[in-house]
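Notes follow once the structure below has been shown.
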Amino acid sequence: MTVTEDPAAAGRALFEAGAAVAGTMSRNAATLVWPDPAGRAAVRLEDRLARCLRAAADEAAEAAVPRERARAGAVLAFAVEHGVTLAHSGRPVRADGFFTPRAGGRSAADTVAEAVVAAARASYDERRVRHLGYLLAEVASSPDLDAALVERALTLAAGLTWRQLVLLAGVGRRDRAPLPMTPLADDPRGWMAWGAREDLADLQRAGLLDPPPAQPRPGGAALPRLRPADLRPTRRGVLVHRLLALGFVRDDDVAAALAELVPPA
């Protein structure tokens, strides 16, 4: 029987194709999703989550574009990685019916997994793929989240650049990494600083960060200068930050984004 004839083999092959994006971790994740029945692995993945990921891999196995296949496999592997981490930290897979089949034989978990895989396949900036996988694991362990809320978060995140996600991550960790006090230029001369300033303004206009962009004052009075230290995530921003696990964005990526926003004098 060939890979294309055996759905299980095809799904596992998709996982392993994720190594192009996720590295060897993708192959290691596959061994948890398709465990050896006779094995006694030190690390195990909860059966309900494993079944959901196998179904998602089987459905995406026919993706024809090689790089899309790699992203699809990688996002599921990252879900395994984060799912194991959450379980070890005392957050087991939810038991509220999220994995229970509904009309048509699909569960809410299946719907979310399909949406996450579709978002990963479309993510040409592959740094997003890790966090989409973390989203799937986060939802699988969070009874306070439903498929409709995940859809909202994915819609909000779909329009964000990687730098915007990193800036949101930086604001979200302000308590442990203070933000610059230097006022931002409204219209920087350098292109990189201008682009970063536009990214930040878009986050404000999208309602992800407070305060919103300053509005012109009567009589043309000067507007207050925004400082990064003034920024706060809104409820929308908290949702995106939590579901995409932006707390795991590397500190050096945050530092680089802030350096583009507030270039050295």
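Counting heavy-atom neighbours within 6.0 Å of Glu151 CD, excluding the residue itself, gives a total of 12 or less.
How far OG1 of Thr100 is from CZ of Phe98: 10.5 Å, rounded to the nearest 0.5 Å. Rounded to the nearest 0.5 angstrom, Glu138 CD and Thr85 OG1 are separated by 11.5 Å. For the atom pair Leu149 CG and Asp144 CG, the distance stands at 8.0 Å (nearest 0.5 Å).
Taking every heavy atom of both residues into account, Met192 and Arg163 meet most closely at O-NH1, 3.9 Å. Closest approach of Ala20 to Ala70, counting heavy atoms only: CB-CB, 3.9 Å. The minimum heavy-atom distance linking Pro233 with Leu209 is given by the pair CA-CD2, 3.8 Å.
Side-chain contact annotation: Arg242 with Ser142, donor-acceptor N/O pair under 3.5 Å present. Side-chain contact check for Arg48 and Ser107: no donor-acceptor pair (N or O, by modelled atom type) lies under 3.5 Å.
Salt-bridge formation is detected for the pair Arg106/Glu59: a Lys NZ or Arg NE/NH1/NH2 atom is positioned less than 4.0 Å from an Asp or Glu carboxylate oxygen. Looking at Asp230 and Arg227, a side-chain N of the basic residue comes within less than 4.0 Å of a carboxylate O on the acidic one, giving a salt bridge.
Taking the centre and axis of the six-membered ring of Phe15, the NZ or CZ atom of Arg12 falls outside the cone set by 45° and 6.0 Å.
With Arg128 contributing its side chain and Ala157 its backbone, the two residues share a donor-acceptor pair below 3.5 Å.
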